[in-house]
Amino acid sequence: MTAVVPERPVGGRLIDQFEYGLDAPICLTWELTYACNLACVHCLSSSGRRDPRELSTAEAEAVIDELQRMQVFYVNVGGGEPTVRPDFWHLLDYAIGHQVGVKFSTNGVKLDRARAEQLAATDYVDVQISLDGATAEVNDRVRGAGSFATATRALENLAEAGMRDFKVSVVVTRENAGQLDAFKALTDRYGAQLRITRLRPSGRGADVWDQLHPTAAQQRELYDWLLANGEGVLTGDSFFHLSPFGEALPGLNLCGAGRVVCLIDPVGDVYACPFAIHENFLAGNVRDEGGFQRVWQQSALFAELRTPQTGGACTRCAHFDACRGGCMAAKFFTGLPLDGPDPECVQGYGETALAARDAALVTPRSHLDHSHAGPVRGQPTLLGMPGIPAKSCDESPLAGLDLRSGVR
Amino acid sequence: MAISAAEGVAFDPDAPWRLARSVALRPEPFGALVYSFSTRKLSFLKSKVLVDVVQALADHPSASAAVAACGVGEGQRATYVKALADLARSQMIEERTSVPPTTRTLAAGPCTEAE
């Protein structure tokens, strides 16, 4: 072998082991469809319309068979809105029947009483209801009118059906950062568990990140709140960029992209992480020869991501061991170098780096956008109401037409 | 001798144990991942010897016997017993209720040779 591949250390801390990757992901996100009934302003996958190349039922079953062989204990299923796939409930049963547990995220649109009872009677299923405001006012501004009512109805149905340990999943924004206690109270009321995650500038999130990402003061409050309430609140690996405030938060304090996590998207493409739907982080496709296992174990991209970072501004920072330079996707989609600070670096280096960006810099955009082309019922109001011409001819027939799409 | 754990689950190294039936174990380069489908908790076995010990539990009359059979020396014994106590507390291993097998030498397997 001529390439210099760093040797995995023997023993030592787990976090050092994780940097070198695992034989199979710990936590795999699988987005079953880009179709969604909502049009959330911060959607990480720019979902809305179904992709015609979506994996068929048989192909999805083959992926589950493979995950079983690789002993992937559970998958985080999302979308889009996964429950709008007609074979969603079948695939759920299929996965459980093959020793692959399922945690799925939903806006609650299909969780009527009957489905709630079905879920309550099924082992190995976890449900996460997405809610981005503890009140309808805050939530519906980003997720759309009526979405708070839909989510809370689903929560009620699950609670009434006797479902246990279901989750309320919150993306922390500038508008809801002051509602953490209210979220906890709401969650407790349904006997559910609170899960909070970080807003990333991924997908449509890039369009609203400047407006919605928590302020520096809110980040500090969030950190203090997590320290005080962390044991009962799930965060995944969301907030390790806050660790340099002091002690490390519970959870995985490491970017797991391509090391312990990855994403399978609705058409079978495998990306390093759910927040990194971009060609630069595309490792392969489950339809390729060798399937998912070959992508996970042999892709050049993942091999590169499993090489510990040795250079860059962050490695010289006293806090590097605490935050490991933060979130790869957050840096990438804000146009920052991947070996430099996270845009929300709590030492303030991120703000400096953002300010130092070349004025002419065009931040990277995903090559995919499945956003609804037309207006959506209950459209979020954060971005303002769309202008409606008084008469159809008051506006040019070409207005709003994206001419760039013709030359792709 | 029983080591009492924080949540009141006692770990008796002289009792027979096994990997809990709701737990799956996946070997990894550093050791193994264990996942409990009932508690939805993930844990890590940080050495290959510990993986061997956990997998050997079901074949020995006691946890102590499994530890000894995997070639763990007296100086290391307490570390492994503590690791097993932690796994018992998090319900990754469970006490066997079946009649323990008499001490026997396995014909083959991970613990027939000292590491």
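For the numbers below, each heavy atom of this structure counts, side chains included, while hydrogens, waters and symmetry mates do not. Quick caveat, the model's predicted, so the values are computed rather than measured. Below, chain A is the first sequence line, B the second, and so on; all start at residue 1.
- When side chains are defined from C-beta on, Arg40(B) counts as touching Asp126(A), because their heavy atoms get closer than 4.5 Å.
- The salt bridge (Lys or Arg N to Asp or Glu O under 4.0 Å) analysis of residues 186-197 of chain A, with sequence neighbours excluded, yields the pairs Lys184(A)-Asp188(A).
- Nearest heavy-atom pair across Phe73(A) and Phe37(B) is O-CE2, 3.3 Å.
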Residues 19-28 of chain B, side-chain donor-acceptor partners within the protein, below 3.5 Å, at least two apart:
residue	atom	partner	partner atom	Å
Arg21(B)	NE	Glu94(B)	OE2	2.6
Arg21(B)	NH2	Glu94(B)	OE2	3.0
Ser22(B)	OG	Ser38(B)	OG	3.2
Arg26(B)	NE	Glu28(B)	OE2	2.9
Arg26(B)	NH1	Pro25(A)	O	3.1
Arg26(B)	NH1	Gln71(A)	O	3.0
Arg26(B)	NH2	Ala24(A)	O	2.4
Arg26(B)	NH2	Pro25(A)	O	3.4
Arg26(B)	NH2	Glu28(B)	OE2	2.8
Glu28(B)	OE1	Asp23(A)	N	2.7
Glu28(B)	OE2	Asp23(A)	N	3.4

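- Residue Phe44(B) holds its CZ atom at 4.5 Å from CD1 of Ile26(A), rounded to the nearest 0.5 Å.
- If you measure heavy-atom distances from Leu33(B) to chain A, the contacts under 4.5 Å come from both the backbone and the side chain.
- Within 6.0 Å of CD in Glu160(A) there are more than 12 heavy atoms belonging to other residues, nucleotides or ligands.
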